[in-house]
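Below you'll find the structure, written out as structure tokens, and then a few comments.
If you're wondering where the values come from, they're calculated on a predicted model, not measured in any experiment.
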Amino acid sequence: MQNLEPNDAPAASDTATWQVAGTTLSSRMLLGTAHYPSLQVLADAVLASGTEVLTVGLRRLQPETGGGNHFWQRVQSLGCQVLPNTAGCHSADEAFNLALMAREIFATPWIKLEVIGDDYTLQPDLSATLDAATRLVREGFSVFAYTTDDLVTAQRLHGVGCAAVMPWAAPIGSGRGVQNPYALETLRRRMPDAVLVVDAGLGRPSHAAQVMELGFDAVLLNTAVAQAGDPVRMARAFADGVSAGRLAFESTPMPERAAAQASTPTVGMPFWHAS
């Protein structure tokens, strides 16, 4: 496995800065910390990605990386903003109580809210998510709410004051990429003032580039990097994909056309005629 040197990490100038929860960030890639082969690979992938935000789950066991205090100390040493999550919760009350615990442990009001409604697809329980989000915002949390691509739910989450609304592209860990590009495009168009981060289902850097081209503010990744054959190189590949997609969005891609249009002008071109 090839490690990347610090100078190989994506430069901050690769993408324009953005703001979420009152914080200015240079990287538009948030990274999860589960399922890496080792803590060293995790650390190297974080460096390669250029990320400034790491998600951590209080309920997650980490037998492959030692778990416990050793894991938390290593994450803290990476110097990133920690985004605790409520992964594994199945009710609004459960998520609310875990968020309170996370705020005490990590000394941050940031929380990635997950309330799972179906264990097979890991689809969120939308009504419970909205309930928990409303309560957490009232308690002073900066809520990053994991949801589906449902427009009405996303609007309501934004309306109650979530710092970021995080629709899925596909089920968590599936790596299938964007299953409903129309729905994601609609979310961005109808919610121009909301911070929108695609969370879950991305498997390849091209998937990340696709959603960034739609104008999303950032992506959150875990399995696609952690379970790649070479997580470090894949982290860099995703960083490049995110950067390329954002630059493409800011450059205003050409419109699609129903018919071909020659890129070379034909006016004044000589034509040969058979004698």
Side-chain angles (χ1 to χ4, degrees), residues 15-16 18-21 25 27-30 32 53 55 83 85-86 110-118 121-134 136-137 142-222 224 238 241-253 255-256:
T15 57
W18 62 296
Q19 287 197 336
V20 62
L25 300 171
S27 171
R28 292 179 179 269
M29 177 174 163
L30 289 66
V53 178
T55 64
L83 176 60
N85 69 57
T86 63
W110 286 27
I111 191 74
K112 182 191 172 194
L113 176 62
E114 296 182 29
V115 185
I116 299 303
D118 180 74
T121 63
L122 298 181
Q123 180 168 326
D125 182 327
L126 300 184
S127 61
T129 298
L130 182 59
D131 179 15
T134 302
L136 288 169
V137 169
S142 296
V143 178
F144 295 63
Y146 166 61
T147 182
T148 65
D149 54 20
D150 179 73
L151 173 64
V152 174
T153 300
Q155 290 175 324
R156 289 176 177 170
L157 288 168
H158 180 56
V160 301
C162 287
V165 178
M166 307 179 74
W168 70 358
I172 293 174
S174 67
R176 296 176 63 87
V178 179
Q179 297 299 288
N180 192 343
Y182 171 77
L184 292 182
E185 184 179 12
T186 300
L187 283 175
R188 181 71 285 176
R189 185 176 67 253
R190 295 289 301 278
M191 301 175 66
D193 299 324
V195 174
L196 298 179
V197 179
V198 170
D199 175 18
L202 303 181
R204 301 174 184 272
S206 57
H207 299 159
Q210 180 185 5
V211 298
M212 294 304 293
E213 287 176 3
L214 294 176
F216 280 79
D217 295 284
V219 300
L220 192 155
L221 306 159
N222 192 165
F238 265 105
V242 169
S243 178
R246 181 65 191 184
L247 287 172
F249 170 73
E250 293 175 348
S251 302
T252 311
E256 295 183 1

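- Looking at heavy atoms from C-beta onward, Val165 lies out of side-chain contact with Val195 at the 4.5 angstrom threshold.
- Side-chain contact between Tyr146 and Ile116 is present, with at least one heavy-atom pair separated by less than 4.5 Å.
- The local environment of CZ in Arg204 is sparse, with at most 12 non-hydrogen atoms from other residues, nucleotides or ligands closer than 6.0 Å.
- Here the side chains of Phe144 and Leu220 are not in contact, with every heavy-atom distance at 4.5 Å or above.
- For the pair Val143 and Cys162, the minimum side-chain heavy-atom distance is below 4.5 Å.
- Within a 6.0 Å sphere centred on CZ of Arg189, other residues, nucleotides and ligands contribute more than 12 heavy atoms.
- Formation of a donor-acceptor pair under 3.5 Å by the Arg156 side chain with backbone atoms of Gly159 is not found in this model.
- The shortest distance between side-chain heavy atoms of Val20 and Asp217 does not fall below 4.5 Å.
- Minimum interatomic distance between Arg176 and His207 (heavy atoms only, all atoms of both residues): C-CE1, 4.0 Å.
- Residues Asp149 and Pro167 come closest through the heavy atom pair CA-CB, 4.2 Å.
- Residues Met212 and Val219 have side chains in contact (heavy-atom distance under 4.5 Å, counting atoms from C-beta outward).
- To the nearest 0.5 Å, the span separating CD on Glu185 from CD on Gln210 amounts to 10.0 Å.
- Residue Gln179 comes nearest to Ala170 through the heavy atom pair CG-CB, 3.7 Å, listed as atom of the first residue, atom of the second, then distance.
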- request: In sequence, state the C-alpha distance, the side-chain angles, and the governing distance for Leu122 and Trp168, and then conclude on side chain to side chain contact (heavy atoms under 4.5 Å, CB included).
  value: CA-CA 11 Å; Leu122 298 181; Trp168 70 358; over 6 Å; no
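- Heavy-atom minimum distance, Met29 versus Phe238: CE-CB, 3.8 Å.
- Inspection of the Asp131 and Thr129 side chains reveals no N or O donor paired with an N or O acceptor under 3.5 Å.
- No side-chain heavy atom of Pro124 sits under 4.5 Å from any side-chain heavy atom of Val115.
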Side chain to side chain contact (heavy atoms under 4.5 Å, CB included) evaluation trace for Leu151 with Arg190: CA-CA 8 Å; Leu151 173 64; Arg190 295 289 301 278; 3.6 Å; yes
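- Between Leu202 and Ala208, the shortest heavy-atom distance links the atoms CD1-CA, 4.2 Å.
- Note: Asn85 CG to Glu114 CD = 5.0 Å, rounded to the nearest 0.5 Å.
- Using a 4.5 Å cut-off on side-chain heavy atoms (C-beta onward), Ile111 and Ser142 make no contact.
- In this structure, the side chain of Thr55 does not engage the main chain of Leu83 through any donor-acceptor pair within 3.5 Å.
- Taking every heavy atom of both residues into account, Phe216 and Leu196 meet most closely at CD2-CB, 3.5 Å.
- Screening Thr147, Thr153, Thr148 against Asp150 for a side chain to side chain donor-acceptor pair (under 3.5 Å) leaves a single residue, Thr153.
- Atom OH of residue Tyr182 and atom CG of residue Leu187 lie 10.5 Å apart, to the nearest 0.5 angstrom.
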